[in-house]
Amino acid sequence: MPELVFFSGTMDCGKSTLALQIEHNRSARGLQGRIFTRNDRAGEGKLSSRLGLVTDSVEAGEGFDFYAHLVGHLSAGGRADYVIADEAQFLEPEQVDQLARVVDDLELDVFAFGITTDFRTRLFPGSRRLIELADRVEVLQVEALCWCGARATHNARTIGGQMVVEGAQVVVGDVNQPETVVGYEVLCRRHHRRRLTAAAARAAALSPDVLPVDPDGSR
């Protein structure tokens with residue numbers, strides 16, 4: 001039976017790489033997929049991985065109708081054996097409903113990939129609707145790591161290396177950006193709660209000891 005599957009995880013855990021791998025494996029078996037994305041780091045109409053892989057896609061912008069697009073594609077003689085939707089956290093809830101209809105009415109597998117929560121640890125609307133509707137939710141097993149070495153579970157937005165907790169929910173950026181621009185960093189829950197980014201941790205390590213040590217060892 002066709003399924004709506006939501007692959008979720010933090011930034012930098014290999015979601016887009018897995019999407020490209022699924023596309024490669026299925027196309028190698030003679031299947032043809034329709035690939036969609038939104039706000040990819042490589043630009044409009046692209047699905048890209050941080051490993052340097054990239055392929056063309058259909059930009060699913062505001063108001064885009066997945067179901068109508070696929071019906072039109074099939075009616076015109078096109079082929080679609082499955083659907084890949086990357087950056088699915090940016091989709092509108094109505095668009096996720098359309099993906100579910102693609103599975104139920106057109107009987108196509110839909111593989112959606114996205115971040116679950118934003119930099120404030122709040123669910124993205126698209127991700128929330130996918131959790132509500134998906135036949136399966138798969139948490140990616142390739143673990144991104146916090147600067148401390150612990151498993152990263154949260155996405156932090158940074159400006160100048162400092163974590164920020166206010167602003168628009170959607171600001172396109174990437175990890176490992178120059179400190180002068182908006183960037184993102186994955187953190188464990190402890191350091192996300194403490195707003196302690198890698199840059200902030202380095203600064204703290206370079207600061208003088210709060211409790212000075214007496215050189216003669218009497219304290």
Side-chain angles (χ1 to χ4, degrees), residues 6-19 37-44 46-54 59-62 85-93 112-131 137 139-213:
F6 179 36
F7 294 92
S8 68
T10 62
M11 299 181 74
D12 214 18
C13 74
K15 296 182 300 300
S16 297
T17 301
L18 179 58
T37 191
R38 183 168 181 172
N39 296 336
D40 188 275
R41 69 185 73 84
E44 184 173 331
K46 298 292 182 183
L47 191 164
S48 66
S49 163
R50 291 188 181 88
L51 297 182
L53 305 172
V54 61
E59 186 74 14
E62 184 177 351
D86 197 27
E87 305 293 353
Q89 71 272 8
F90 297 139
L91 299 180
E92 300 150 16
F113 301 80
I115 299 167
T116 308
T117 57
D118 65 14
F119 70 105
R120 300 166 299 186
T121 70
R122 302 289 190 268
L123 284 168
F124 281 98
S127 299
R128 180 188 297 114
R129 192 59 178 149
L130 277 162
I131 292 170
V137 177
V139 178
L140 268 65
Q141 298 304 307
V142 178
E143 296 182 349
L145 298 179
C146 178
W147 60 264
C148 69
R151 177 172 176 262
T153 54
H154 293 70
N155 306 295
R157 181 181 294 171
T158 61
I159 298 178
Q162 301 300 310
M163 180 174 159
V164 296
V165 294
E166 296 182 353
Q169 185 176 53
V170 178
V171 175
V172 178
D174 203 354
V175 296
N176 301 320
Q177 293 296 300
E179 293 189 353
T180 55
V181 302
V182 174
Y184 289 90
E185 182 176 344
V186 289
L187 299 173
C188 64
R189 184 181 62 232
R190 173 183 296 178
H191 289 131
H192 192 280
R193 289 180 56 246
R194 296 177 179 177
R195 304 185 188 181
L196 195 59
T197 64
R202 286 194 297 270
L206 294 173
S207 64
D209 292 333
V210 176
L211 297 176
V213 178

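Sequence positions, counted from 1, serve as the residue numbers for this chain.
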_Euclidean distance, T116 OG1 relative to Q89 CD, rounded to 0.5 Å_ = 8.5 Å
_Using side-chain contact (heavy atoms from CB on, under 4.5 Å), reason through I115 and S127 one step at a time and then give a plain yes or no._
CA-CA 7 Å; I115 299 167; S127 299; 5.6 Å; no
Could you pull out all donor-acceptor pairs under 3.5 Å where a side-chain atom in residues 186-195 meets a protein atom, sequence neighbours excluded?
from	atom 1	to	atom 2	distance (Å)
H192	NE2	F119	O	3.2
H192	NE2	N155	O	3.4

*For F7, what residues pass the ring-ring contact (aromatic ring centres under 6.0 Å, His included) criterion, not counting sequence neighbours?*
F113
*So, W147 side chain and R202 main chain: donor-acceptor pair closer than 3.5 Å or not?*
no
*How far apart are the closest heavy atoms of A152 and C146, and which atoms are they?*
CB-N, 3.7 Å
_Tell me if a side-chain donor or acceptor on E185 pairs with a main-chain N or O of A198 at a distance below 3.5 Å._
yes
*Quick one: list whatever passes side-chain contact (heavy atoms from CB on, under 4.5 Å) with T37, sequence neighbours left out.*
D40, S57, E59, D86, E87
*Could you pull out the closest heavy-atom pair between A88 and A85, with the gap in Å?*
CB-O, 4.0 Å
*What is the distance from atom CG of L196 to atom CD of Q162, rounded to the nearest 0.5 Å?*
9.0 Å
*Interatomic distance, T158 atom OG1 to Y184 atom OH [nearest 0.5 angstrom]*: 9.0 Å
*So how far is it from L130 CG to L123 CG, rounded to the nearest 0.5 Å?*
11.0 Å
*Say you draw a straight line from OG of S8 to CG of L140; how long is it, rounded to the nearest 0.5 Å?*
7.0 Å
_Donor-acceptor check, side chain of R122 to backbone of R120, threshold 3.5 angstrom: yes or no?_
yes
